[in-house]
Each structure stands twice: as C-alpha cells, then as structure tokens.
There are 2 protein chains.
Amino acid sequence: MASSIHDLARHLNISIGTVSRALNGRADVNAETRQRVLEAARKLNYSPNQSGRSLRQGATRSIAFMLQPHPGDQQYGEPFFIPFLTGLQAQLAEHDLDLMVVMGEPGQYQPERLRRVVETRRADAVVLANTRREDDRIDYLSKAGFPFATLGRSQSGGDTYPSLDIDFERAGEEAVDRLVARGHRRIAAIRPSLDLNFGYLFLDGYRKALRRHGIEVDPGLIADGFINETGGYQVTPRVMLSKDRPTAIIFNNDAMALGGCKALAEMGIRPGHDIAVIVIVDTPLCRYFSPALTAFRPSLEPMGRRLAEMLLASLPAFAGPEGTRIIREVWPLELVARESD
Amino acid sequence: MASSIHDLARHLNISIGTVSRALNGRADVNAETRQRVLEAARKLNYSPNQSGRSLRQGATRSIAFMLQPHPGDQQYGEPFFIPFLTGLQAQLAEHDLDLMVVMGEPGQYQPERLRRVVETRRADAVVLANTRREDDRIDYLSKAGFPFATLGRSQSGGDTYPSLDIDFERAGEEAVDRLVARGHRRIAAIRPSLDLNFGYLFLDGYRKALRRHGIEVDPGLIADGFINETGGYQVTPRVMLSKDRPTAIIFNNDAMALGGCKALAEMGIRPGHDIAVIVIVDTPLCRYFSPALTAFRPSLEPMGRRLAEMLLASLPAFAGPEGTRIIREVWPLELVARESD
DNA sequence: TGTGTTCTCGTAAACGTTTACGGAAAAACG
DNA sequence: CGTTTTTCCGTAAACGTTTACGAGAACACA
C-alpha cells in the first residue's frame, strides 16, 4: 500500500493541509517545516496520487494522441509517427504530462473513439493526426469545447485551434521546379484519393509551379489512388498510358510511391533512368529502396516537440503570463536528393 | 461543464446511490427505475468522470506501454511497434482500458521513466518491450509489486509475470537449416551487441542447428554490432574478411541487415548472387529492399492483442472466475522467402 | 395476524488530494 | 505596552464516484 498524504502528516505530527502546501511550494509555510516535509516525503517514498489530484483539480494531466490508421496494409504501420510521438511525449513529459494513445478505427475518420476520452474526461486535450480536409473529429471536438491541436491543417473548425503542418504546397512546387530544371515538361502527380488535406495542398503547389513555368496542367497526368502500395500500383499505369507519356512522376505518399515503382518495374521502366521519381514525404523506405528515392524529409521529432508546446500555449492552465495563444505553423521540408530523379 | 451523477440524481428526484447502482448494473435496483436512469443518462449525456471513479476504486483503468528507443538513428523509428500497439490497444479497449505510452530515455534501459507512472499510480499495469537479458525495469517493477507483462523474455524476475515472445531460437535454427539445405556450410551470424535477450536466443538456435548438421561453430563468423545500420555496416566486413569467407549471413535485426548489405555492396558482393542473406525479423524495409530480403515475419497485431489478454488474465480485477494466471507464450515466426538467399 | 424474507432505495463514508478561510502566535510599529 | 500586520498552520469542504449499511415497504408464509 502506497503512502498517502495522511501518513506523511501523521508521521510529522502536522496537518495534511500544511503538508500539501509544503510540497506544492506555496508561500505560506515555514521554511523549516517545508524542509522537514520534503525530507519525510523522500524517506517515506511519498508521491501524490494522481487520481486524487485529478479529481480535486479537474485536470488529468494527460494528453491524448489519436492515431488514425489508414485503411489497407496492416503490416506497413506508418513509421512516420514513432519519431513524432517521441518528440511529443518528450515535450509533454517536461510539463509532467502523460501521453495517452487512442487508435481510430482503421479507415474510419470518426470521432467515436474520441468520445470516451472526452466524455469521461480521461485527458485534458487531444492531438489529432491525419487530418482530413473536412474532419468530423475536429467538428466534434470544437462543438464539445474540448481543447485540441492538429498535426496537419484542415478546413474544419476555422482557426480556433493550434495546428502544425508540413508545407506540402511548397514541396509540390519545389519538386516541379527541380524536375523542370532538369528538363522535364511532362510531370505526373499521384496522390491519395482520400480527402486528406495534404493531398490538396500538394496539388495546389504542383499546379502553381507548372503554371509559373508556362506548362499547361494536363489532367491526364494527375491521378488519385488508394493510400497504400496497392493504390500506387493500380494508378501509376493509368498515368503512364496517357497519350503523351510523362517523363517524371511526383508521388505524394511513400507507400504509393513504392507500389508505383513496382508497376513501373513491371512495365520495364526504371526510375532514375527512364523516368524521374520524387516522393513528397520521406520515410526510411525511400532511403533503402533501389534505386533510392529522392524525397522531401520532415523533421518529425522536432515537430512533435513543437506541437506539444503549441498545444500547451493554447491551454489556460499552461499558458505563460501573456495568456493563451493559438499558434499555427507550417514547416518546410528538406529535399534529400537520391538516385531516382 | 459536464454533468455529474448529482445532476442526474436531482433531475430524477432520486439518490445518487441509486443512480450509480443502476448505471453499474447492480441487482438491487428496480427494473423500471434502472430504465429511467439509463434514459436520463443518455438524455443528459452523462458519462462517469474517470478521475472520481479511479479515486474511489483505486484503479485508473489505464495500462502503460513503455517503448524503449534503441540508441542511434532517430529517423528509423522502430516500425515494428505500430502494429503491435494497434493490437494491444484494440484488446485493451474492449475492456474499457486506456493505453498510455511511456518512452524510455533513448539507449538507456532504466526504470526512471516508469517510476513516475508507478509512484503516482497513473496506470494499473505496465507492458514492457525490448526486454534485455538482465532488465532493471523488470527488477524494479517486481520489487515494487507493480503488475506488468513483457514483450520478450528476460532472465530477470523469474516466471512471475506474463510474457509473450517470438521464437528466436527456432528462427535461428530454421535459418541455418534452410541455408544448409541449399548447400551452405560457412554461415555467419550478426546480432546486436546490447544484451537484448533475443540476441542470445537467436545465437543459441544458430549454434544448435550448426551442431546438428555436424558443422563446427566458427567464432570468427559470429559478430556483434551496434543495433542499427551503422552497426551492421561496421561489423559485416569483419565477418567477410575471416580467412574462410562465409557464403551466407543471418542478420538478427533488420536495421543491421540493411547496413550490412550496404557494406556488402561496397565490397562488390551481391546478396542473392554472391552470398545468401536471411533476416530474422521482417519489416516493410526487408520487402522493399533490393534484392528483397528473405526474412522471418512475426504477426505483430495478434501478438499485441494476445499480450493484452495475458496481462489481464494475471490481474485479479480482470481474471475470470478461474482466478489469475501467469501465461507465458512463445510464438513461431513465418518464413517469407524472397530474393536474398 | 404475526413473523420472516425479499426488493428497493436513501444515507453517509470513503478514496487522496487541494485550497478557502480563519485564527493563534509572532513580529512590527507607534 | 497596545495595536496592527505578518507568518504560519489547522479545519473543513470540495472534487465525483462507489459501496457498506440499514431501513421501510412489500411480499410470502404459517
């Protein structure tokens, strides 16, 4: 049985109120008394029970992260998120906050799994990933008045919550710029068909850059597919069979790129030789693929840390003296040139 | 402000005790009363506050998973764990249990990060991964009398806790058997130098199979390295430069295999042609590497589910009428034959 | 009708904290 | 020395539940 504040008080012949104040660094407690309390706490190995504390303070000191598996390949497993989670957790830990992980129903972008957390008040705030352009989870949290932040932007909920996103638009532009500079004019774009917001952003950048270079946007070179290898595998040939074959492809998702490259291989087309390939979000898979895929790399761990900060800055209980702030940031990606383009 | 059980009771002109009993399915409440309570709860959108419940019941209804990052490459991110976590969470959710993720200090296999969880009673039990042969975290939890289960076996703590492991020993044997059947006699083994338990198990199986085939174990063909690409990259040449060059290598870790293959490539040695390569734990990287690496694949998502069950079976509060049981299981791996051997 | 049993519910304590309030003692001040 | 201020601490309520206990009403039974 763990020791409670009552044990500590009894042991010191002192009231629990004083003990609590001493431990929480309140001003109205004698310096010597505080010393005695701290020592006794160490000796009796006392730590405050979080349930009691939560109940009294109305805050659980834990943040929920909702990981939304995409439909499809179970084995793949979104390696993207581990470094992000590492950063998120590290930053939260510095504020003595715990991280709870809530998995969504695979393929279903619904708030159901969130409901329990929110309604039973198991967490103080939520971090959402894989945001869609129209996101029911954001609508739900907004309506419920529950604090949250998102990794990725969305059109839902307005600008009322902190969000940190990757600059997919710029990445799309830069990819086109790079390819054009290397002499390409017929550049295809392949992205997920789900209405994940980054798919739109990417395409915006892609179109914008093409126009800037005076290249007409050919709808036949733009294709949507299922957000996994199978999708890339299925959709890539469609683009390759357009009347005027592209000389370059930009994939908006690493898994789709891998599937796409498989399709290319079966058509006897070699990335890096017969066609240029660029991937928008780098993962370890891009590095080890043969040929190694040129890709845009995010700095996931720092993003995790930063989003934690941004979330906390929006919470009254954690914001500094300046008050709460809704921070929204968009981070650039770093191009990692490899062999595929 | 969320509604409490008091609001509900007041609304129904009934005592909170009765409300609680009705909601919790106790027998001593009139059927009609229960109906009214349930309806009102739905109407007022009432859910019990978990903090209050935790405090009263002395249980948080959340399980902590400690993810222990290996030292080294941040970007790599252990894709292994996402499917496992998915299964673990899914099974826990069926018992209305939450999952909390605790990250260890990268490279430090210490119980420090666990201390906070245990001492402040933020979770009811812990799931440990990346178990070492001698594991301080296990010692700590045992001594503290805190319930836990492990993914992977260890020599610490005896048989007092549930554990689920992959049969690395058998995988080591099978890998050797397969290679011998294909005519190989000089087979190298490369494993992490950390005292992760699976490294020992793998080597046991490797040695056992070699002896069974009447092949002498050559210490020059066994090498330990840092558990990441760099380690594999550094240690593989050492093995290849032994006086009687191996014709096959078994890697005990996917990251090390990738680094090793890079070293081989630089030596002009092509896996699948000049040397056979088998990897003990498959990840998506093995599949996409060129040549695709033959590997042993675990079923991670079912393992996550199963370990959750096993953990719960060991807890008095969740065990069935048969009482608590300490279950230990070792699961086989499935060989996925690809191009590298 | 009296007695025992069953059903149903209200009362109140308990879980472990934090904190508003007030009061006694000590210190400061004139 | 009397008064005011400050310092320090104890008291008790509150957070939202669950549950042991007991009591009244209804019922069964002889």
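Each chain gets a letter, A, B and so on, in the order its sequence line appears, and its residues count up from 1. Source: prediction; values computed, not measured.
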### Task
Determine, step by step, whether A/D96 and A/R61 satisfy the salt bridge (charged side-chain N to carboxylate O under 4.0 Å, His left out) criterion, reporting the C-alpha distance in whole Å, the side-chain angles of both residues, the deciding distance to 0.1 Å, and the verdict.
CA-CA 7 Å; A/D96 196 40; A/R61 293 201 84 86; 3.8 Å; yes
### Message
Would A/R305 and A/E309 count as a salt bridge (charged side-chain N to carboxylate O under 4.0 Å, His left out) here? Give the steps.
### Response
CA-CA 6 Å; A/R305 298 193 89 101; A/E309 280 178 19; over 6 Å; no
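For the pair B/R121 and B/F146, the cation-pi test (distance below 6.0 Å, angle within 45°) is failed.
Pairs passing the ring pair (Phe, Tyr, Trp, His ring centres under 6.0 Å) check and including a residue from residues 6-52 of chain A, sequence neighbours excluded, do not occur. Each salt bridge (Lys or Arg N to Asp or Glu O under 4.0 Å) pair with one or both residues in residues 4-13 of chain A, not counting sequence neighbours, appears once here: A/D7-A/R10. Sorted by first and then second residue, the salt bridge (Lys or Arg N to Asp or Glu O under 4.0 Å) pairs involving residues 128-137 of chain B (not counting sequence neighbours) are B/R132-B/D195, B/D135-B/R137.
The end-to-end axis angle of the helix from C/dT1-D/dA30 to C/dG30-D/dC1, rounded to 10 degrees and based on five pairs per end, is 40°.
Between B/L315 and B/T324 the shortest side-chain heavy-atom distance does not fall below 4.5 Å.
Taking atom CG of residue B/L55 and atom C1' of nucleotide C/dG16, one finds them 5 Å apart after rounding to whole Å. One atom, CG of A/L23, and another, C1' of D/dC9, lie 15 Å apart when rounded to the nearest Å. Whole-Å rounding puts the A/E32 CD to D/dC8 P distance at 11 Å. Look at CG on A/N30: it is 12 Å from P on C/dA26, rounded to the nearest Å. In this structure, CG of B/N49 is placed 13 Å from C1' of D/dT18, rounded to the nearest angstrom. The CZ atom of A/R122 sits 13 Å away from the P atom of D/dT17 (whole-angstrom rounding). If you measure from atom NE2 of B/H6 to atom C1' of D/dA14, you get 11 Å, rounded to the nearest angstrom. In this structure, A/R53 atom CZ and D/dT17 atom P are separated by 21 Å, rounded to whole Å.
In this structure, A/S4 does not reach the C/dG16 phosphate: none of its side-chain N or O atoms is under 4.0 Å from OP1 or OP2.
Between A/G52 and B/V19, the residue anchored closer to the 5' end of DNA chain C is B/V19, taking for each the nucleotide with the nearest heavy atom.
For the side-chain contact (heavy atoms from CB on, under 4.5 Å) test, residues two or more places apart in sequence or in another chain that qualify with A/E329 are A/L164, A/R306, A/M310, A/I327, A/W331.
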### Message
Counting primed atoms plus P, OP1 and OP2 as sugar-phosphate and everything else as base, spell out the protein contacts along nucleotides 19-26 of chain D at 4.0 Å heavy-atom distance: B, S or - for each nucleotide, 5' to 3'.
### Response
BB------
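If you check every strand for non-hydrogen atoms under 4.0 Å, B/T33 touches sugar and phosphate atoms only. Residue-level contact check: B/T120 touches neither bases nor backbone, having no heavy atom under 4.0 Å from any strand.
By the 30° and 60° cut-offs, the orientation of the rings of A/F65 relative to A/F84 is tilted.
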